[in-house]
Amino acid sequence: MPRVIEAVDATTASLPECIDALMSRGFEPTDEDSLQHAAGLLRRLGNDRTFLGDLLVAELAQGLRSDDGMASYGPQVVMLSPAGAAPDFFLRANIWPSADEHTMRASGGETFVYGVPHDHNFDFLTLGYFGPGYWSDYYEYDYAAVDGWRGEAVDLRFVERTRLAEGKIMHYRAHRDIHAQLAADALSVSINVVHTGAAQGWFDQYRFDLDAKRITGVLNNGASEAFVRIAVGLGSEEAKDLALRFGQTHPSDRMRLAAWSALASVEADRDSVWRTAETCGSRLVAAEARRERGAIAA
């Protein structure tokens, strides 16, 4: 399960101070000194019990017209540092509603990733900032031992159920920790220091069926996969040639699969496309191609 980090510090740091200190040293979670440095700053930021409320009030007061990239709002995420401003991290706050919140009744739990067992393709530190915190059933697995195709069996090892209580700091480890989140008992907020990297998007993040112990899909499909599908769909022969080359040689299995899916979507003989894909040298593509050919035959 994610590692609990005991960062004891009663002092406070403002949000700009936290960002500046991280910018000066960076965030590399595989380096223990860097990890502890970031956890200490997260602790000090969490000790400031008013900064997040003040930020939200300020943004609401100006009608969310800020153009500095500091506050980007979704159903549950508030960006606390400008996206892309640092090469190896960003800060965010996450809002976790309880089961009886109106937003949960209106949008459903999956909007807030409740009931969606998943891993992460990035490391991050998280702090319980406000409220009792969301619950999680935690599992571990060996990322290197799986290919990533839908229905693939995975050796999931249950660890425990616990929650991100106020003041608790946890280190979620990329491609190792899986959690199935459950609604907080009352409205809660967490703060994250998220590690970023140039190649991160090419590493898969999976969704799991915990009962069957199987992968059910990839959660982080990127823009490149969408682009190849659109380009091929528009009918360009050059796009088809590129997709065929990607399907046979691209270093990302996920991109290979997207290329073959794009080609199959514009061909009358889809079985022929998937039969070729099955021999392209990727175990993930071969498994998905067999699934597609079975569906066509049925």
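Quick caveat, the model's predicted, so the values are computed rather than measured.
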Under 3.5 Å, is there a donor-acceptor pair between the side chain of [X] and the main chain of [Y]?
X    : Y    : result
E152 : R214 : no
S272 : D269 : no
W260 : G247 : yes
D48  : S14  : no
H37  : L35  : no
R270 : E267 : no
S34  : D31  : no
T196 : P87  : yes

Check your understanding: Which class fits the ring pair Y138 and H179: parallel under 30°, tilted 30 to 60°, perpendicular over 60°?
Key -> parallel

Exercise for review: Find out whether the Lys NZ or Arg CZ of R3 is both under 6.0 angstrom from the six-membered ring centre of Y172 and within 45° of the ring's axis.
Suggested key: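 No, cation not above the ring by the 6.0 Å, 45° rule.
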
In Å and rounded to the nearest 0.5 Å, what is the [atom1] to [atom2] distance from [X] to [Y]?
X    : Y    : atom1 : atom2 : answer
Q200 : H120 : CD    : NE2   : 11.0 Å
R43  : C18  : CZ    : SG    : 12.5 Å
D211 : F208 : CG    : CZ    : 14.0 Å
D142 : L156 : CG    : CG    : 11.5 Å
N121 : L219 : CG    : CG    : 9.5 Å
D20  : S81  : CG    : OG    : 11.0 Å

Revision key, fill the gap. The residue among Y141, Y143, Y206 that forms ring pair (Phe, Tyr, Trp, His ring centres under 6.0 Å) with H175 is Y143

Taking atom [atom1] of [X] as the centre, report whether more than 12 heavy atoms of other residues, nucleotides or ligands fall under 6.0 Å from it.
X    : atom1 : result
K213 : NZ    : no
R163 : CZ    : yes
E238 : CD    : no
F227 : CZ    : no

Check the hydrophobic clustering (I, L, V, M, F, W, Y; side-chain heavy atoms under 4.5 Å; chains of links allowed) and say if [X] and [Y] are grouped together.
X    : Y    : answer
V159 : F124 : yes
I215 : L284 : no
L22  : L55  : yes
L15  : L125 : yes
M170 : V77  : yes

Exercise for review: Carefully, step by step, assess S282 and D253 under the rule side chain to side chain donor-acceptor pair (under 3.5 Å).
Suggested key: CA-CA 7 Å; S282 162; D253 284 342; 3.1 Å; yes

Closest heavy-atom contact between [X] and [Y]?
X    : Y    : answer
N220 : G201 : ND2-O, 3.6 Å
V285 : A277 : CG1-O, 3.6 Å
V228 : A262 : O-CB, 4.0 Å
W274 : A289 : O-CB, 3.4 Å
R245 : T249 : O-OG1, 2.7 Å
L187 : P97  : CD1-CA, 3.9 Å

Looking at [X] and [Y], does any basic side-chain N land under 4.0 Å from a carboxylate oxygen?
X    : Y    : answer
D137 : R161 : yes
D155 : R157 : yes
E288 : R291 : yes
R275 : D271 : yes

Less than 4.5 Å apart, side chain to side chain, heavy atoms only: is that true for [X] and [Y]?
X    : Y    : value
I169 : E6   : no
T126 : I191 : no
E166 : P132 : no
D88  : E28  : no
P2   : H171 : no

Check your understanding: Going through the checks in order, is the side chain to side chain donor-acceptor pair (under 3.5 Å) test met by T162 and K168?
Key -> CA-CA 11 Å; T162 188; K168 187 177 186 179; 3.2 Å; yes

Point to revise | Non-neighbouring partners of F246 that pass ring pair (Phe, Tyr, Trp, His ring centres under 6.0 Å), sequence neighbours left out | key: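 F246: ring pair (Phe, Tyr, Trp, His ring centres under 6.0 Å) contacts with H250.
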
Practice item. Let me see the working for Q181 and F112 under side-chain contact (heavy atoms from CB on, under 4.5 Å), right down to the final yes or no. Key: CA-CA 9 Å; Q181 291 169 276; F112 301 94; over 6 Å; no

Can you see whether [X] engages [Y] through a side-chain donor-acceptor pair at a distance of less than 3.5 angstrom?
X    : Y    : value
N47  : D9   : no
D209 : T216 : no
T12  : R44  : no

Practice item. Measure from the ring center of F122 to the ring center of F90 and say whether it is less than 6.0 Å. Key: no

**Study point:** Chi angles and distances behind the ring-ring contact (aromatic ring centres under 6.0 Å, His included) call for Y129, F51
**Key:** CA-CA 11 Å; Y129 180 70; F51 90 91; 5.5 Å; yes

Point to revise | CA sep, side-chain torsions, deciding dist, call: E101, T103, side chain to side chain donor-acceptor pair (under 3.5 Å) | key: CA-CA 5 Å; E101 301 278 345; T103 187; over 6 Å; no

Review point. Could you go step by step and tell me if R207 and E110 meet the salt bridge (Lys or Arg N to Asp or Glu O under 4.0 Å) rule?
Key: CA-CA 12 Å; R207 178 172 178 164; E110 283 207 15; 3.2 Å; yes

Practice item. Just do the side-chain contact (heavy atoms from CB on, under 4.5 Å) check on L210 and F158 with the steps written out, would you? Key: CA-CA 9 Å; L210 298 178; F158 177 72; over 6 Å; no

Study note, to complete from the structure: R254 meets the salt bridge (Lys or Arg N to Asp or Glu O under 4.0 Å) criterion, sequence neighbours left out, with D204, E225

Practice item. Mind running side-chain contact (heavy atoms from CB on, under 4.5 Å) on V218 and Q205 for me, showing each step along the way? Key: CA-CA 6 Å; V218 173; Q205 179 180 8; 5.8 Å; no

Practice item. For side-chain contact (heavy atoms from CB on, under 4.5 Å), just list the numbers for E17 and L45, CA-CA rounded to whole Å, side-chain angles, deciding distance to a tenth of an Å, and then say yes or no. Key: CA-CA 9 Å; E17 288 171 341; L45 178 63; over 6 Å; no

